[in-house]
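Let me begin by presenting the structure, written as structure tokens, before commenting on it.
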Amino acid sequence: MNIQVFDSQEQLDEAAAQYLIDTVTQKPEAVLGLATGSTPIGIYNKLVEKHQRQGVSFRHITSFNLDEYVGLTADHKQSYAFYMQEHLFRHIDVSANQINLPNGMAESLEEECKRYNQLLEKHPIDVQLLGLGHNGHIGFNEPADALTGGTHIVELQEKTREANARFFNSKDEVPEKAVTMGVGSILKAKTIILAVRGADKADIVREALFGPITTQCPASLLQTHHNVIVLLDREAGRGLKLQ
């Protein structure tokens with residue numbers, strides 16, 4: 001596990017963006033796994049900047065997002081489809097038919113999960129970008145006695161809904177369910193980038209990276225992967241004893 005700690009969010013964002021750009025430069029048709037939330041926004045801003053100022057092209061990539069809320073249309077301002085358009089897709093030259101997100105409005109969510117799993121099997125992810133939830137979730141894989149490997153429907157825990165309530169008018173508006181890529185699918189990525197910032201994540205960072213591997217902390221399963229790059233700001237990494 002390659003753990004890097006940065007003095008500023010700017011440096012973290014730059015490093016994460018550069019890993020993604022290096023992947024696309026070496027393999028223009030790369031498959032990128034993308035995350036949402038507050039942490040990736042600065043990373044996506046860097047990608048947009050490098051596309052517009054340096055001509056970095058994303059024309060041939062394929063992208064897969066980790067998750068989507070159940071019950072929000074793609075044009076809902078808090079849907080992850082809308083988030084991705086606002087923060088990345090509409091600012092770069094990615095082809096619309098190469099963008100993949102779970103459909104939280106699908107008539108049959110079970111069939112939607114099957115469809116997404118089939119697409120992931122056909123397009124192995126080269127680099128998967130992840131954030132980290134306060135309870136150790138990755139994607140929307142919540143702590144549980146057992147975890148599902150493939151794309152599935154999940155009941156969001158109260159802690160997760162409370163954390164995401166800042167994006168809505170109130171917690172009552174936060175959907176209770178989501179469709180998420182499973183931990184098994186995430187671990188199939190050739191490279192995983194885990195980006196975390198903030199003092200409020202320091203304890204869960206330590207638990208995920210150096211605690212026991214358990215489904216009660218889904219991110220701890222990243223310890224089993226052969227190529228994980230962890231990017232932390234000083235506050236998120238303050239609980240680690242690194243040489």
Side-chain angles (χ1 to χ4, degrees), residues 13 16-17 20 24 31-52 57-120 122-123 125 128-131 133 137-142 150-158 160-182 185-186 195:
D13 293 340
L20 293 170
V24 174
V31 180
L32 305 182
L34 302 178
T36 52
S38 56
T39 299
I41 291 175
I43 299 169
Y44 295 151
N45 287 343
K46 291 290 184 184
L47 294 180
V48 171
E49 178 183 316
K50 291 176 186 297
H51 167 68
Q52 294 178 344
S57 177
F58 300 90
R59 185 175 294 112
H60 301 295
I61 71 158
T62 298
S63 72
F64 285 91
N65 263 75
L66 282 167
D67 41 37
E68 180 60 282
Y69 287 117
V70 169
L72 298 189
T73 59
D75 60 356
H76 190 289
K77 289 187 177 181
Q78 299 307 331
S79 75
Y80 291 147
F82 187 90
Y83 170 107
M84 292 305 304
Q85 289 294 333
E86 286 297 294
H87 293 295
L88 183 63
F89 293 150
R90 71 183 181 91
H91 305 289
I92 61 175
D93 59 344
V94 63
S95 173
N97 62 9
Q98 297 296 100
I99 294 170
N100 298 280
L101 295 97
N103 178 10
M105 293 295 293
E107 184 174 341
S108 170
L109 292 174
E110 289 77 11
E111 289 301 317
E112 174 61 12
C113 292
K114 290 179 183 177
R115 181 192 73 86
Y116 212 63
N117 283 331
Q118 289 169 356
L119 285 172
L120 288 167
K122 292 180 182 177
H123 304 279
I125 292 175
Q128 174 67 60
L129 177 64
L130 294 178
H137 75 239
I138 48 177
F140 270 135
N141 294 281
E142 300 278 34
T151 306
H152 61 285
I153 307 154
V154 62
E155 295 269 357
L156 301 180
Q157 294 188 357
E158 285 301 299
T160 298
R161 294 182 69 231
E162 288 169 3
N164 289 359
R166 68 189 187 276
F167 301 115
F168 295 79
N169 293 322
S170 71
K171 192 189 83 170
D172 292 339
E173 292 186 8
V174 182
E176 296 180 355
K177 296 181 179 181
V179 179
T180 186
M181 193 187 297
S185 298
I186 291 170

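As the structure is a prediction and not an experimental result, all values here were calculated from the model.
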If you take all heavy atoms of [X] and [Y], which pair is closest and at what distance?
{"X": "I153", "Y": "E110", "result": "CD1-OE2, 3.9 Å"}
{"X": "S38", "Y": "R166", "result": "OG-NH2, 3.2 Å"}
{"X": "Q128", "Y": "L34", "result": "NE2-N, 3.7 Å"}
{"X": "S170", "Y": "A165", "result": "C-CB, 4.3 Å"}
{"X": "K171", "Y": "R161", "result": "O-NH2, 3.1 Å"}
{"X": "V154", "Y": "E142", "result": "CG2-CG, 4.0 Å"}

Taking side chain to side chain contact (heavy atoms under 4.5 Å, CB included) as the criterion, tell me which of I125, I99, V31 meets it with S63.
I99
Do [X] and [Y] touch side chain to side chain, with heavy atoms closer than 4.5 Å?
{"X": "H87", "Y": "V48", "answer": "no"}
{"X": "L88", "Y": "V94", "answer": "no"}
{"X": "T73", "Y": "S79", "answer": "no"}
{"X": "T36", "Y": "F167", "answer": "no"}
{"X": "Q157", "Y": "H137", "answer": "no"}

[atom2] on [Y] to [atom1] on [X], rounded to 0.5 Å:
{"X": "N141", "Y": "T180", "atom1": "CG", "atom2": "OG1", "result": "4.5 Å"}
{"X": "I138", "Y": "L66", "atom1": "CD1", "atom2": "CG", "result": "8.5 Å"}
{"X": "H91", "Y": "Q85", "atom1": "NE2", "atom2": "CD", "result": "9.0 Å"}
{"X": "N100", "Y": "R115", "atom1": "CG", "atom2": "CZ", "result": "7.0 Å"}
{"X": "T151", "Y": "Q118", "atom1": "OG1", "atom2": "CD", "result": "10.5 Å"}
{"X": "L72", "Y": "N103", "atom1": "CG", "atom2": "CG", "result": "11.0 Å"}

Per-pair distances, 0.1 Å, donor-acceptor, side chain in residues 40-47, under 3.5 Å, sequence neighbours excluded:
residue, atom, partner, partner atom, Å
Y44, OH, A35, N, 3.2
Y44, OH, A35, O, 2.6
K46, NZ, E10, OE2, 2.4

What class does the angle between the rings of F168 and Y69 fall in, given that below 30° is parallel, 30 to 60° is tilted and above 60° is perpendicular?
perpendicular
According to the interplanar angle, ranging from 0 to 90°, do the rings of Y116 and F64 count as parallel (below 30°), tilted (30 to 60°) or perpendicular (above 60°)?
perpendicular
Test: salt bridge (charged side-chain N to carboxylate O under 4.0 Å, His left out). Region: residues 59-78. Which pairs qualify, not counting sequence neighbours?
R59-D93
Are Y83 and N65 linked by a side-chain donor-acceptor pair shorter than 3.5 Å?
no
Within a reach of under 6.0 Å around NZ of K50, are more than 12 heavy atoms found that belong to other residues, nucleotides or ligands?
yes
Does a salt bridge link R90 with E86, judged by any charged N lying under 4.0 Å from a carboxylate O?
yes
